[in-house]
Amino acid sequence: MKSNYAVLLIAIPLLVAFLQPLFSLINKRLTKWVTFLTIGFNFIYSLKLLNYVMANGAQIAIIGNWKPPFGINLYLSPFSMLFATIIYFVALIVLLVYLIDKPTEVDDRMSIATLLMVMASGAITLTGDIFNMFVFVEILSISTVILISFNNKGISFKGAFRYIVLASLGSSMLLLAIGFIYGSLGTLNLASIAYRFNLLNPVYASVIVFLFMAGIMVEAELFPFNAWVPEAYKGSKSYLNALLSGVVGTTGIYVLFRMFITIFGSGQNHIQVIGSVNFNAVIIVIGVLTTLIGEFSALSQKDIKKILAFSSMAQMGIIAVTIGVANMNSINAGIFHLINHAFSKSLLFIVAFPIINIVGSANIDKWEGLGRKNIFLAIAFAIGSFGLIGIPFFNGFWSKMMIVESVVSAGGWMYLVIGTILLSALVETFYFFRIIFKLFVDKKIESTYSVHIFIYLAILILSIIVIYIGIKPSFLATYIHKAAIDLVDKSHYISTVLGVIK
Amino acid sequence: MIVLIYLSAIVMIISALYAVYAKDLLVSVVALGINSLIVSVLFFLMHAPDVAITEAAIGAGLSTAIFVFAIKHTERKE
Amino acid sequence: MKNTQGMVNAFFAFLLVVILGIFFFNAINQPLGNGLVLNKDNPDLSKRVSIHYILKNVHNAEDYLAQHKSSYFRNRDKVKSSNLEFGKTKNAESGSANEVTSIVVNYRGFDTLGEVTVLFISILGLGMLLHENKKKYWAKPSLIVRTGANFLFPFIVLFGVYVFVHGHLTPGGGFPGGTIIASAALLLILGLKDFKNKLTMTKIIESLAGLTFAGLGLVGLFTNGSFLTNFLPSGTMGLLVSSGITALIYIAVGIKVAAELSSGIMEMNGGGEE
Amino acid sequence: MIQSTFFYTTAIILFLIGLYGVLTKRNVIKTIITLTIMETAVNLFLVTIGYVKNGTAPIFTSTISDVHKFVDPLPQALVLTSIVIGLGTTALMLSLAIRLYKKYKTLNYLEMDGEDEK
Amino acid sequence: MISNILLYTMIAAVISFALGQKLKAVRWSFSALFLGYVGFQLYGLYGQWGMVETHNIFSLGSINFSLNFGITKLGWFFAFFTTIINIMIWIFSIVKNMNEKEERGINFLWILLAGSNLAIFFSVDWITFFIAWEIMTWTSFFIITPGWKNSFKAANWYFILSMFGAYAMLVGIWWLYATPAIHTLNIASSIALLAKLSITAPGTVGIIIALFVLSFFAKSAVFPFHPWPAEAHAEAPDDFSPYLSGIMIKYGLYGILLFIVPLFIQIMKVNPNIAMVNGIPVYSYILAWFGAITAVLGTYLAIVSNDMKKLAAYSTVSNIGYAVTSMFILSSAGVTGGLFHVVNHAVFKSAIFLSLGAVKFRTHEREMHKLGGLATKMPITFLTFLLGIIAAAGIPPLNGYASKWIIYQALLSGHFPFLTTMIFLASTGAFLYLFRALHSIFLGQLPRKFNNVKEVPFLMQIPMILGILSMLGIGYAPGIVLKPIGLAVKAMGLTPMTVENTLMVGKLSSINTAVVSSTFIGAFFFAFAFYLIGKKRHHVEPLDNYTAGQDPEEFGLTPELYHFALKFYEPVKNIFRPIEEKLNIKNYYRALVRNANSFGATLSEMFKLSGAGSSMIFVLGLVVIILAGWML
């Protein structure tokens, strides 16, 4: 069966990762190129699969020749393939910059960790089995720790340690949830969980969902579990932060989307009230708290990496609110916003890397006058932040409009929610305006750092995407529309995987 | 037989509390070793020999060794 | 001020622990009445997917599900299954006598592949963080330990190899076997004074073992159309040469875990590359 | 034979002790120890899910092959993987602890503020 | 037709940016010429009412986003007169930008701003309106702060308030779209449906109106939001201030005329049970009061300000107050008066700002007490400023008088005694700061350092002369402007005033402006003749006094000492000092900023707390979330 070959997206990077130690004996820089080429292969192959899936609907890839409820399967649908492709693309751009970073003696281990991290996040979006997702979440968190401590400063170890403590706390809760699920439903396959989830005793089911949320919120940078964000982002290199927020954050939110709307959701009207706990409200409260904390903490920060860290935390909060609101428009808006955020945030992080080297420090007060020194970087930073804030004809604008529409149309106390979100958006617009203004101030900066051509290439590609989505978002809209339908349609998910109509 | 199991469970909880509250790190690592040893015995009694061997080899054996190495490289007192 | 803040924090932590405790106990002791719940006294295995792993009739169950659609979930035990006899049944579905190994490697082999990568990446991270770790010299090992180390090392390694070679027959498998060999390496570190880390050699073994595991999986993909299929005949259950690639995979896993953990301990012990 | 509720309660109590330790303890290595306790507790919980009263180990041997008395092998497979994952994370955390100690000369998390904090 | 005008504007912006650093004059004249072409095209569009062009961008979920432009009477009127004034300003900035370093960026953004300005006036549905609104907001920020160090603090108030307004409008728009009864993005149909809805759900309609009013008031600096124009205009480049206070501050008024006023009129027609206050809905009366308060506050702040551009900015705020008050009394005279005053204010305020720009171009000085006696040195600038402030004060021969006359007609015929007194107080107060500015800058003693100040080059004088001619022209024959206004007022459902070229017929009385202006001009020439006949005056040097033969220079006397301009209205300031301490809006805003920053600092501090502290917040967070699950 042709779609079974989709497992190559995971098998090939694993095979290459196991071989990398041998390559590293030959030459350390070689491992960087091998990682870049493997992720390139992954991107092209997932692009092909995405178009195949968009053409003839969702497929499943079977592993070990055991059909789904019994064996492990990958679920290839417009929604999962879209996000796998975006994750591979963002990783490819970041690796382009990593290729030309100054060599260190741990480069071989670092390139293996990046390869496995990107493979794991791609696998999480594809997998159809809950324990398999747990194992890949584990690979993701360990390789993120390595990514953070690559910069090998004091703060990066602190950030890495705090991350791994929260991640292992989250994964024990995840494992507990898997235990509860297996104890009652007797299956690990996501589709059969979805199929028989509403037979569960309500109190029992709410415990499962709370535990599962605790496990995933670490990656998705949502409120109680995102204490690691500022130190981890400050500690790691700024272009690698694009991986942290673009890849890890996107995967975390992807899992929230998939689990809360397709698996735990109640079919057409999405998340239902399980027992006495209304999970829509829980996610919305989490999202609003995260956005408020993220935006206001970023207001008082002076370090660009921390500002961008808090701003990516806040954007994740906004997307969590769209999951909570869970009507058709808000899911479209959430997916669109997640894609926009992945592109514009990675652009900002990648632009910040050469700027920090030129100016010599990450403190934005020292960035004054950069526009005079290197106009291209200043304009790219402006494009990135316009894309993030949502200026008309930049990519964030359309998704922000849809978010406001969907939250407002939900009525009731949603007006309070949209009020806080727009207040924090105002704060975000302000501190980005402050940075852009500082860039264009008329002041002299001397520095000898010359920006490598690959960095310019990466920035150019991302800026073109940010502007192109802004001006003509219709090509992306078809993908998002199909993805949203695939996400919301629970019985289609079950019938493609198990062949059983709900 | 049942009394033995209840007793081992109580010892497990006590060793866990001890591991959390002990001031000296080596003592709490040893308490941790005891805890995972008793757990592997319980696994065995629950007819899970595979898990028992793995827990014994990894939990009791290697984890304790790694902890001791770590304490060797850092400091002993809390 | 610090300890009052500690006290307040301890109180809040205790508050949370109590809330979660109520949560869990309430969930555990839910009455069986409304809706499925964790059946504590005698969990009925036929309600779980593992009944097919035990009876090794997953393929029959797949066909049954294909025909009877949603009614399959109510009467799982109606799926036809052949009785299994140690040493007698030939070419059973997964062929390994140890059910846990058949699940770990055969039915859910993908998890184990992920699992091996977890260990690979964490030891790699360990190596990255500690690669300039200078060796702290311990007190001189006593006579007993020194001689014991030299004497016992081969036997522990032999026992480890035995454990993971018979993974598919007796309890234990790749992971405990590898750990036992690693503890043999630990014994050597404690015993010999002038122990030099042999990291490059372990690195080569480790990547070759990993290669065999993933390679076997890919062979399965290209010959039988899906990753990690058991393309070798599974022979009679109970014999050493049985259950197709499960035994081979578990041996590869055993070697890989052994090499990884011993290189991990060497790096943790310090003294850097050799 | 043994009532499995007993094991469930021990597992949950151990988990809560571990959670309490993580939230209150400031020493880096103590936090790692408490996390390991939590992981063992979860493993115990998972194995108890598969426990069948007066069942036998799920391994065919020359003497035992009565299939219906087998204990559930799947949770054991999960625990096998999760123990090794626990080892992996503990090893990584301990190496982080060593590097933190080398940098800040203390294991108490509160006193670790290096100069590059600002 | 409109969309390719906008497309050409984009292309023109890029072309003019591409011109080299040295071709400054070519750049600005090219943009002036281009805008002339656009003005000509607009003139051609007069009469094609109701022509709509739509371009759909994409559709996702249940919304499809499309840009649609259409020509409405109100929109065409605003677009035409703003383009004319913009051409005038760009002629002025050809020379002014000779030695300006940042002018290349400013030009690029300004052409985009002109494009978005047209897009606002021609947008027919809310999305296009909002897009044009935000592009306008963003481009104007970067023009005000083109990289000068201290301009950030000035512009950040403008930035926060207008973004706050924009987001309020965003919620309003999508609330309109989300309520099932309305569910449309088209502006005209949303007015009609909203009016119908006000019968059944007055609460929602009230909130939606409040959101829109908030956004328009924030943009037009009405009472609670009045502090931002002072700094923004002062710090903006000198040729951009006339655009900022002539045109940009009117977008809020355009919004009010586009949506709020017709809505109130519809509600008055459709909804019987509305609380009425002598003929108009109560909330419209309240908003009129907001306008009145802005007028008085603007005048007071102008009186006490010492920087000439700030003075002009506060006078703009008070003029906006007049327009808002007259619009919200919902009578045809009121709306016509408001609209007419918007045009007149744009004309004379840009004339005033152009002359101030000319003064600053020559003297590089903004504080009034450092200037003085420039009348002889810069006659044309002096003449423009003189006629500008006469028009601002509303004295007959010039255009200010005509619109103020209509406003008073509306207020008195509508029986609003208190509003009339407030407006009267504000406009008489205008005399105080206007003549003070004239005296401090042009009359009085010429400081020594400005001895060799020459008149500005001829090219910069052209717009000033055009300003004078248009002020006199509109003053003489207001009918030219009042006819298109009448069309716009009729479109809103009110009967327009009967108007001839030089005759205006109000409810209480009618006036023939030709007669009035000719009498004033006659009186002026008569006085001028007297001035010429009179005996030759002997100019007494201020320093020629009793210093007992000693040279006044060593005595320390300098002409500047005799130029009394520093604390001109100190007594007025002392009268209102106790009130100002208590309810000063600026302190309230500063407190708001301080709280936001400290709230942010404590939150980020929460993350820095390692170990014990942060787990407390972790625990609190979990408890809050679990409770939220139960309660909500």
_Toward chain B, the part of I98(D) with a non-hydrogen atom under 4.5 Å_ = both

*Got a second to check how far L46(D)'s CG is from F43(B)'s CZ, nearest 0.5 Å?*
8.5 Å

*asked:* Within this structure, what is the OG-CD1 distance for the pair S28(B) and I32(D), rounded to the nearest 0.5 Å?
replied: 11.0 Å

_I want to check something: taking the side chain as every heavy atom from C-beta on, are L44(D) and M12(B) in contact at a cut-off of under 4.5 Å?_
yes

_Taking every non-hydrogen pair under 4.5 Å, which of T90(D), V71(D), V28(D), V52(D) racks up the most with chain B?_
V71(D)

*Pick one of side chain, backbone, both or neither for I66(B), based on which atoms fall under 4.5 Å of a heavy atom in chain D.*
both

_With a 4.5 angstrom heavy-atom cut-off, is it the side chain or the backbone of A31(B) that approaches chain D, or both, or neither?_
neither

*Which value, rounded to the nearest 0.5 Å, describes the distance between M46(B) atom CE and Q76(D) atom CD?*
9.5 Å

*Report the relative orientation of the aromatic rings in Y20(D) and Y21(B); use parallel for angles under 30°, tilted for 30 to 60°, perpendicular for over 60°.*
tilted

*Does any non-hydrogen side-chain atom of I29(D) lie less than 4.5 Å from one of F67(B)?*
yes

*Residue part contacting chain B, namely of L100(D), when any heavy atom lies under 4.5 Å*: neither

*Going by heavy atoms in the side chains, are H73(B) and Y101(D) under 4.5 Å from each other?*
no

*If you look at every heavy atom in K30(D) and A22(B), which pair is closest and at what distance?*
NZ-O, 2.7 Å

_For the interface with chain D, which of I71(B), L62(B), L17(B), I58(B) has the highest count of heavy-atom pairs at distances below 4.5 Å?_
I58(B)

_Show the nearest heavy-atom pair for residues G55(D) and H47(B), with the distance to one decimal._
O-NE2, 3.2 Å

*Side-chain contact test, heavy atoms from C-beta onward, threshold under 4.5 Å: evaluate it for E55(B) versus T40(D) and give yes or no.*
yes

*Going by the side-chain contact (heavy atoms from CB on, under 4.5 Å) test, name the single residue among L14(D), T36(D), I33(D) that passes it with N35(B).*
L14(D)

*asked:* Rounded to the nearest 0.5 Å, what separates atom CD1 in I13(B) from atom CD1 in I13(D)?
replied: 4.5 Å

*Let me see the working for L107(D) and L25(B) under side chain to side chain contact (heavy atoms under 4.5 Å, CB included), right down to the final yes or no.*
CA-CA 11 Å; L107(D) 278 181; L25(B) 289 178; 4.1 Å; yes

*asked:* Less than 4.5 Å to any heavy atom of chain B: does that hold for the side chain of T48(D), its backbone, both, or neither?
replied: both

*Could you check if a side-chain atom of V51(B) sits within less than 4.5 angstrom of a side-chain atom of N43(D), using non-hydrogen atoms only?*
no

_Separation of F6(D) CZ from I5(B) CD1 (nearest 0.5 Å)_ = 8.5 Å

_Restricting to non-hydrogen atoms, name the atom on V20(B) and the atom on G21(D) that form the minimum distance, rounded to 0.1 Å._
CG1-CA, 4.1 Å

*What part of T56(D) gets closer than 4.5 Å to chain B, counting heavy atoms only: side chain, backbone, both or neither?*
backbone

